[in-house]
Amino acid sequence: MLLHLFFSLFVFLTLTDNGNAGVTSSFVRSEFPAVDIPLENEVFAVPKGYNAPQQVHITQGDYEGKSVIVSWVTPDKPGSSEVRYGLSKGKYDFTAKGSFTNYTFYTYKSGYIHKCFLNGLQYDTKYYYEIGNGDSARNFWFETPPKVDPDASYTFGIIGDLGQTYNSLSTLQHYMNSGAKSVLFVGDLSYADRYKYHDVGVRWDSWGRFVEPSTAYQPWIWNTGNHEIEYMPYMVKSCNTAQGEVTMFKSYLYRYPTPYQASNSTSPLWYSIRRASAHIIVLSTYSPFVKYTPQWKWLREEFKNVDREKTPWLIVLMHVPIYNSNVAHFMEGESMRSVFEAWFIEHKVDVIFSGHVHAYERSYRISNIHFNISSGDPYPVPDETAPVYITVGDGGNKEGLAARFRDPQPDYSAFRESSYGHSTLEIKNRTHAFYHWNRNDDGKKVKIDSFVLHNLYWGQNHQQRKSNQYRLRSLILNRASTAQL
């Protein structure tokens, strides 16, 4: 009993040293109206020139970070699916040819959606690229990550539940000034599903132009949320079409490709990548994940591919949080927790980012893996081998903030606040990373919650190696003493 108390106290002190302990922020958000920006606003402006490429976005195109997928839309006709790129601005020594497609959603017909792979890129290199032709051509650039290495430093931004309101704009602008190199996006992109009929597609287009100032220049690692499902059986075109729009994730799957095949996934909705010193696993909350389903089988095999000697940081993205103390969506992540939490502990996942709840919350390192229906610990307990769970569903969408937290604050919750914002994770080396959550305070960026994240694999292995070295040294000294006697 005394040993258990000492262990719990040790974990508590370790965690409180890294951030604010058990705090429910008293900050009251004086928010901008939670309404979408009007379509005529300049943030949705269509690029100049006939059939000019728009809604440009890039993401990682392979497992290791040496490939990029470039996507864009041409509104009037297919045009060229070619990307010209090189190491100098205006000098494009390489060409890649892609493909295009389009789709319909009720009476909406999309533009021509292009996808092009840029393969065999150099690490840690700035590339300039051009798409479109003639007066309608547009130019951008991106930077590739450093080579996969345990001490490669890298900074990720984390954004969720963004939407296209003035609060969303504040979040996006603050993120773009953060110095982060790519976004880990935890689902709920455009909130176009809050519209009906033809306007669903229109709001996907406006969102694509809205985020282009970031997505055209650095990769966003995509994940889906409930607002990408778009199950709308009421959208019946005629008496001959009884089903309406019932193909789930239809708009998202056409518009936002992911490198799922590179990690042997069978679906674009779950996949993984390695980037710098991080192994990033993307899970789909709204796809089957129980035992023997394709996602369950894939994750079981993917954990075997994680090499912490090369990528010490293991990060998981999902939409619905496993641990959440907000009234909104409370316990919705319990089913996924019961299936995957033991794996997260076993494989020493460092941090899990989620969205869905329109507020911010960070947990301690805790677990509930001992509970079952008839015995075991009934509540989460301190567990230094568990991930930190962080909810960043606070991008700024039309639905507004989740303002009510459960009272009292549970022991597993370290810090929570009902505000808009974004996070950054600055990986320094194989053992330490700096984390910040940045509040949107009426248009101003304010750093609120921060802590040092210690790597579970290397931190524990380092302690074990020190212990082994100490025992070896003691053994040698004891043998030397015995020999002298």
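Index from 1, following the sequence.
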Parallel under 30°, tilted from 30 to 60°, perpendicular over 60°: which one fits the rings of Tyr360 and Trp437?
parallel
When His454, Arg365, Arg308 are each screened for side-chain hydrogen bond (donor to acceptor under 3.5 Å, both in side chains) with Asp350, the one that passes is Arg308
Checklist entry - Could you walk me through whether Asp62 and Asn119 pass the side-chain contact (heavy atoms from CB on, under 4.5 Å) check? => result CA-CA 8 Å; Asp62 65 353; Asn119 294 311; 5.8 Å; no
* Asked: Which word best sums up how the rings of His114 and Phe100 line up, parallel for under 30°, tilted for 30 to 60°, or perpendicular for over 60°?
  -> tilted
| task | Determine, for Glu212 against Arg209, whether the closest basic-nitrogen to carboxylate-oxygen distance falls under 4.0 angstrom. | result | no
Margin query: Do Ser168 and Thr165 pair up side chain to side chain, a donor and an acceptor below 3.5 Å, judged on atom types alone?
Written below: yes
Taking every heavy atom of Ile427 against every heavy atom of Phe156, the minimum-distance pair comes out as CD1-CE1, 4.0 Å
Original post:
Any chance the rings of Tyr129 and Phe140 have centres within less than 6.0 Å?
Top reply: yes
Check: What's the verdict on side chain to side chain donor-acceptor pair (under 3.5 Å) for Gln409 and Ser325, showing C-alpha distance, side-chain angles and the deciding distance?
Finding: CA-CA 7 Å; Gln409 184 172 6; Ser325 66; 5.7 Å; no
Q. Could you go step by step and tell me if Asp377 and Phe371 meet the side-chain contact (heavy atoms from CB on, under 4.5 Å) rule?
A. CA-CA 5 Å; Asp377 296 320; Phe371 174 75; 5.6 Å; no
I'd like to check Val339 versus Met336 (side-chain heavy atoms, cut-off strictly below 4.5 Å). Are they in contact?
no
- Message: Just so I know, are the side chains of Trp298 and Thr266 near enough to count as touching, which here means a heavy-atom distance under 4.5 Å?
- Response: no
Of all heavy-atom pairs linking Asp394 and Ser419, the shortest is CB-O, 3.1 Å
Rounding to 0.5 Å, atoms CG (Asn324) and CE (Met331) come to a distance of 10.5 Å
Tightest non-hydrogen contact, residues Tyr175 and Ser178, listed as O-OG, 2.6 Å
Practice item. Output, in order, the C-alpha distance, side-chain angles, deciding distance and verdict of side chain to side chain donor-acceptor pair (under 3.5 Å) for Ser263 and Glu302. Key: CA-CA 8 Å; Ser263 57; Glu302 182 58 25; 5.0 Å; no
Intermediate values then yes/no, side chain to side chain donor-acceptor pair (under 3.5 Å), Asn139 and Tyr92
CA-CA 11 Å; Asn139 308 97; Tyr92 308 112; 2.8 Å; yes
Closest heavy-atom pair, Ala402 versus Val357, reported as atoms and distance to 0.1 Å, is CB-CG1, 4.1 Å
When rounded to the nearest 0.5 Å, the distance separating OG1 of Thr431 from CG of Leu453 is 10.5 Å
- Mind checking whether Ile280 and Leu317 have side chains closer than 4.5 Å, heavy atoms only? yes
For the backbone of Ser367 and the side chain of Arg337, can you confirm whether one donor and one acceptor N or O come within less than 3.5 Å of each other?
no
Discussion item. Is it the case that atom CG in Asp411 sees more than 12 heavy atoms from other parts of the structure closer than 6.0 Å?
Written reply: no
Partner of Arg430 under side-chain hydrogen bond (donor to acceptor under 3.5 Å, both in side chains), picked from Asp149, Thr311, Asp151, Asn455, is Asp151
Between the CD1 atom in Ile281 and the OH atom in Tyr271, the distance rounded to the nearest 0.5 Å is 12.0 Å
*Hey, what's the ring geometry for Tyr389 with Tyr323, parallel, tilted or perpendicular (30° and 60° as the breaks)?*
perpendicular
Requested in this report: Measure the acute angle between the ring planes of Phe185 and Trp207, then classify it against the limits of 30° and 60° as parallel, tilted or perpendicular.
Outcome: perpendicular
**Asked** Can you tell me if Gln60 uses its side chain to pair, donor with acceptor, with the backbone of Arg274 under 3.5 Å?
**Response** yes
Which of parallel (below 30°), tilted (30 to 60°) and perpendicular (above 60°) describes Tyr286 and His319? tilted
Check the pair Ser251, Tyr256 against side-chain contact (heavy atoms from CB on, under 4.5 Å), reporting the backbone distance first and the verdict last.
CA-CA 8 Å; Ser251 300; Tyr256 292 94; over 6 Å; no
Mind checking whether Phe303 and Trp343 have parallel, tilted or perpendicular rings, split at 30° and 60°?
-> perpendicular
For His432 and Asn429, the nearest pair of non-hydrogen atoms, with its separation, is N-OD1, 2.9 Å
Notebook entry, point to check: What do you reckon, are the aromatic ring centroids of Trp270 and Tyr260 less than 6.0 Å apart?
Noted result: no
- Message: Under the criterion side chain to side chain donor-acceptor pair (under 3.5 Å), I'd like the reasoning laid out for Tyr154 against Ser277: C-alpha separation, chi angles, the key distance, then a yes or no.
- Response: CA-CA 8 Å; Tyr154 199 78; Ser277 54; over 6 Å; no
For Pro321 and His356, the nearest pair of non-hydrogen atoms, with its separation, is CD-CB, 3.9 Å
In this structure, SG of Cys116 is separated from CD of Glu82 (nearest 0.5 Å) by 8.0 Å
- Task: Mark yes or no: Lys126 above the aromatic ring of Trp141, with NZ or CZ under 6.0 Å from the six-membered ring centre and no more than 45 degrees from the axis.
- Result: yes
- Message: For a side-chain contact (heavy atoms from CB on, under 4.5 Å) check, start with the C-alpha distance between Gln295 and Leu283, then their side-chain angles and the critical distance, and finish with the verdict.
- Response: CA-CA 8 Å; Gln295 185 171 198; Leu283 298 179; 3.7 Å; yes
